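Below is one structure, written out as structure tokens, with a few remarks after it.
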There are 2 protein chains.
Amino acid sequence: MAAKLLVVEDEPAVREMISFVLKQSDYDTLEAEDAEEARAHLAEQVPDLILMDWMLPGMSGVEFTRELKQDAATRDIPVIMLTARGEEDDKVRGLECGAEDYVTKPFSPRELAARIKAILRRVAPHATEEMVEVGGLQLDPTSYRVSVGSQEVDLGPTEFRLLHFFMTHMDKVYSRSRLLDRVWGSNVFIEERTVDVHIRRLRKALEPYGVDGLVQTVRGAGYRFSERQVAR
Amino acid sequence: MAAKLLVVEDEPAVREMISFVLKQSDYDTLEAEDAEEARAHLAEQVPDLILMDWMLPGMSGVEFTRELKQDAATRDIPVIMLTARGEEDDKVRGLECGAEDYVTKPFSPRELAARIKAILRRVAPHATEEMVEVGGLQLDPTSYRVSVGSQEVDLGPTEFRLLHFFMTHMDKVYSRSRLLDRVWGSNVFIEERTVDVHIRRLRKALEPYGVDGLVQTVRGAGYRFSERQVAR
DNA sequence: GGTGCATGTAATCAAATTGTAATAGTGGTT
DNA sequence: AACCACTATTACAATTTGATTACATGCACC
């Protein structure tokens with residue numbers, strides 16, 4: 001559930017430091033020392049964000065970022081560029097290649113964490129670990145708890161993820177295939193109808209607390225999570 | 001009371017970074033950007049260890065260290081010198097002035113923590129920590145004792161650390177891999193399933209006192225320590 | 001060298017979860 | 001009313017995941 005970040009940095013001490021800071025801020029980290037190793041990671045799993053050193057042996061961070069922005073599979077992953085002091089003039093070029101933000105080394109852990117959080121909130125709100133509350137329903141990603149008032153709701157892992165996704169993406173219809181992408185993960189080979197079943201399971205779990213009406217069916221389009229009641 | 005460390009470093013980002021790493025290792029930190037500010041802190045309280053940047057505006061770290069070593073009140077505080085890469089030749093001079101150790105920037109958090117720990121173990125064998133209490137369960141880090149009321153609970157070292165970690169990180173789910181990181185230490189090569197076994201041992205030890213329900217399993221996510229009962 | 005404790009791994013068992021398929025139901029249209 | 005497309009619900013088997021136990025190794029202390 002915690003956001004997964006990929007750190008691409010050749011200097012081991014710096015990489016370890018960044019990774020350490022991120023872990024303390026409850027992110028999961030993957031590490032790579034160059035573009036090649038990073039590609040290997042990306043082929044396996046798509047992180048929520050990439051921290052990319054400006055200077056890399058072989059292909060530079062800028063070139064690599066540009067490459068990522070051209071591939072549909074990685075285009076949407078936000079990139080934060082790490083530049084050394086004095087390379088600040090290159091800021092413009094860094095952002096030009098498609099990076100979301102840049103941070104100059106040495107950086108303070110608070111600053112780094114803040115920038116990451118800001119970006120994640122924008123592009124992947126469900127990865128921020130913040131408590132969500134909708135219509136009396138509370139979900140706390142940190143403790144993995146869902147409750148209505150003081151009553152705890154019992155959910156399976158998939159229903160939990162599904163609910164979390166919905167709660168962080170209110171009032172928008174998602175098709176089954178889109179839900180499979182966002183909740184199950186891209187490139188999974190699963191029947192679309194399976195989504196129906198999990199929707200059912202989620203509704204059933206919410207039913208005793210009278211909040212199952214939040215999960216709404218939009219015929220022909222998909223599902224939606226909304227506080228506004230549907231006309232009957 | 002955790003050990004108190006004084007960080008003397010003029011670059012704010014680096015100072016914050018060091019401070020951050022130390023706090024995660026459960027140290028208290030004081031910060032100073034130059035010799036003058038450091039003296040002000042020292043006049044008030046004597047830290048257990050000083051991390052000193054080699055280069056400081058005004059009086060250099062070396063000079064300042066020498067000064068400290070001449071004052072009876074501060075003579076016994078161990079000093080770790082921070083040098084930038086390339087200044088390594090100065091290592092000798094650094095140690096000459098009385099520093100116990102030196103670390104070159106950039107450094108890995110593990111390395112820094114390890115060196116600090118080594119020195120503190122030698123110099124201040126009892127950097128005492130605070131007693132924790134949750135739901136009738138008491139844990140005293142200094143005496144390595146766990147008790148429920150007047151009854152003592154018998155725990156192995158690993159279970160003790162695990163419990164201590166849990167008690168100081170309540171209501172939050174930790175995956176097996178994260179527990180390995182935080183309780184066993186980073187980068188240990190241990191099977192994730194091993195965590196299960198230690199959880200089991202911990203629960204078994206707590207069972208006779210009726211507090212084993214505090215250790216909760218969150219399917220698909222990890223384990224959690226919480227006073228709130230699980231819904232079932 | 002022996003003993004006992006602590007620890008990590010592997011094997012086994014039990015239970016929860018998951019995806020699919022089959023069937024029933026719904027709503028809208030002609 | 002019959003039909004069609006789509007969704008809801010249920011049952012089920014396979015898979016995953018966690019609990020528990022037994023075992024081998026390593027280490028400290030006799």
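Residue numbers start from 1 in every chain, and the chains themselves are labelled A, B, ... in the order their sequence lines are given, proteins ahead of strands. Remember, predicted model here, so these are calculated numbers, not experimental data.
- The side chain of His198(B) contributes no N or O atom lying less than 4.0 Å from OP1 or OP2 of dT7(C).
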Short N/O separations, protein against nucleotides 5-8 of chain D, under 3.5 angstrom:
from	atom 1	to	atom 2	distance (Å)
dA5(D)	N3	Arg219(A)	NH2	3.3
dT7(D)	OP1	Gly220(A)	N	3.0
dT7(D)	OP2	Arg176(A)	NH1	3.3
dT7(D)	OP2	Arg176(A)	NH2	3.4
dT7(D)	OP2	Arg193(A)	NH2	3.2
dT7(D)	O5'	Arg176(A)	NH2	3.4
dA8(D)	OP1	Arg203(A)	NH1	3.1
dA8(D)	OP1	Thr217(A)	OG1	2.5
dA8(D)	OP2	Tyr223(A)	OH	2.6

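- Taking atom CH2 of residue Trp184(B) and atom C1' of nucleotide dG8(C), one finds them 10 Å apart after rounding to whole Å.
- Inspection of the Thr142(A) and Arg224(B) side chains reveals no N or O donor paired with an N or O acceptor under 3.5 Å.
- Taking 4.0 angstrom as the limit, Thr158(A) places a side-chain polar atom (N or O) nearer than this to OP1 or OP2 of dT18(C).
- Rounded to whole Å, atom P of dT7(C) lies 10 Å from atom CG of Leu155(B).
- The six-membered or imidazole ring of Tyr174(B) lies near that of Phe165(B), with a centre-to-centre distance under 6.0 Å.
- Taking atom CZ of Phe160(B) as the reference point, atom P of dT7(C) lies 12 Å away to the nearest angstrom.
- Comparing dT18(C), dT20(D), dT7(C) by their nearest atom to the side chain of Val197(B) picks out dT20(D).
- Contacts of Glu159(A) with the nucleic acid, taken as non-hydrogen atoms under 4.0 Å apart, involve only primed sugar atoms and P, OP1 or OP2.
- At whole-Å resolution of the value, CZ in Phe189(A) and C1' in dT18(C) are 15 Å apart.
- Judged by distance alone, the side chains of Glu152(A) and Ser147(A) never bring a donor and an acceptor atom under 3.5 Å apart.
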**Complete:** Secondary structure of DNA chain D per the Watson-Crick/G-U criterion (both distances under 3.5 Å; [ ] crossing, | other strand, . unpaired) is ||||||||||||||||||||||||||||||

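- Note on ring orientation: taking the six-membered ring where Trp is involved, the planes of His164(B) and Phe160(B) are tilted (angle from 30° to 60°).
- Here dT17(C) presents its P atom at 14 Å from CG of Leu202(A), a figure rounded to the nearest Å.
- The separation between Arg201(B) atom CZ and dC5(C) atom C1' is 11 Å, rounded to whole Å.
- Atom CG in Asp154(B) sits about 16 Å away from atom P in dG4(C), given to the nearest Å.
- Look at Arg75(A) and Glu67(A) and you find no salt bridge, because none of the NZ, NE, NH1 or NH2 atoms lies under 4.0 Å from a carboxylate O.
- Here Thr194(B) lies in heavy-atom contact (under 4.0 Å) with a base.
- No hydrogens or angles considered: nothing links the side chains of Thr83(B) and Thr104(B) as a donor-acceptor pair under 3.5 Å.
- A side-chain donor from one of Arg203(A) and Thr217(A) sits under 3.5 Å from a side-chain acceptor of the other.
- One interatomic measurement links the two molecules: CZ of Arg161(A) to P of dT16(D), which rounds to 14 Å at whole-angstrom precision.
- Checking dT7(C), dT18(C), dT9(C) against the side-chain heavy atoms of Ile190(B) singles out dT9(C) as nearest.
- A salt bridge between Glu100(A) and Lys69(A) is present, with a side-chain N of the basic residue lying under 4.0 Å from a carboxylate O of the acidic one.
- Between Arg15(A) and Asp10(A) there is no salt bridge, since no side-chain nitrogen of the basic residue lies less than 4.0 Å from a carboxylate oxygen of the acidic one.
- Residue Lys204(A) has its side chain nearest to dT10(D) when only dT10(D), dT9(C), dT7(C) are considered.
- Of the inter-residue distances, the one linking Leu214(B) atom CG with Phe166(B) atom CZ reads 11.0 Å to the nearest 0.5 angstrom.
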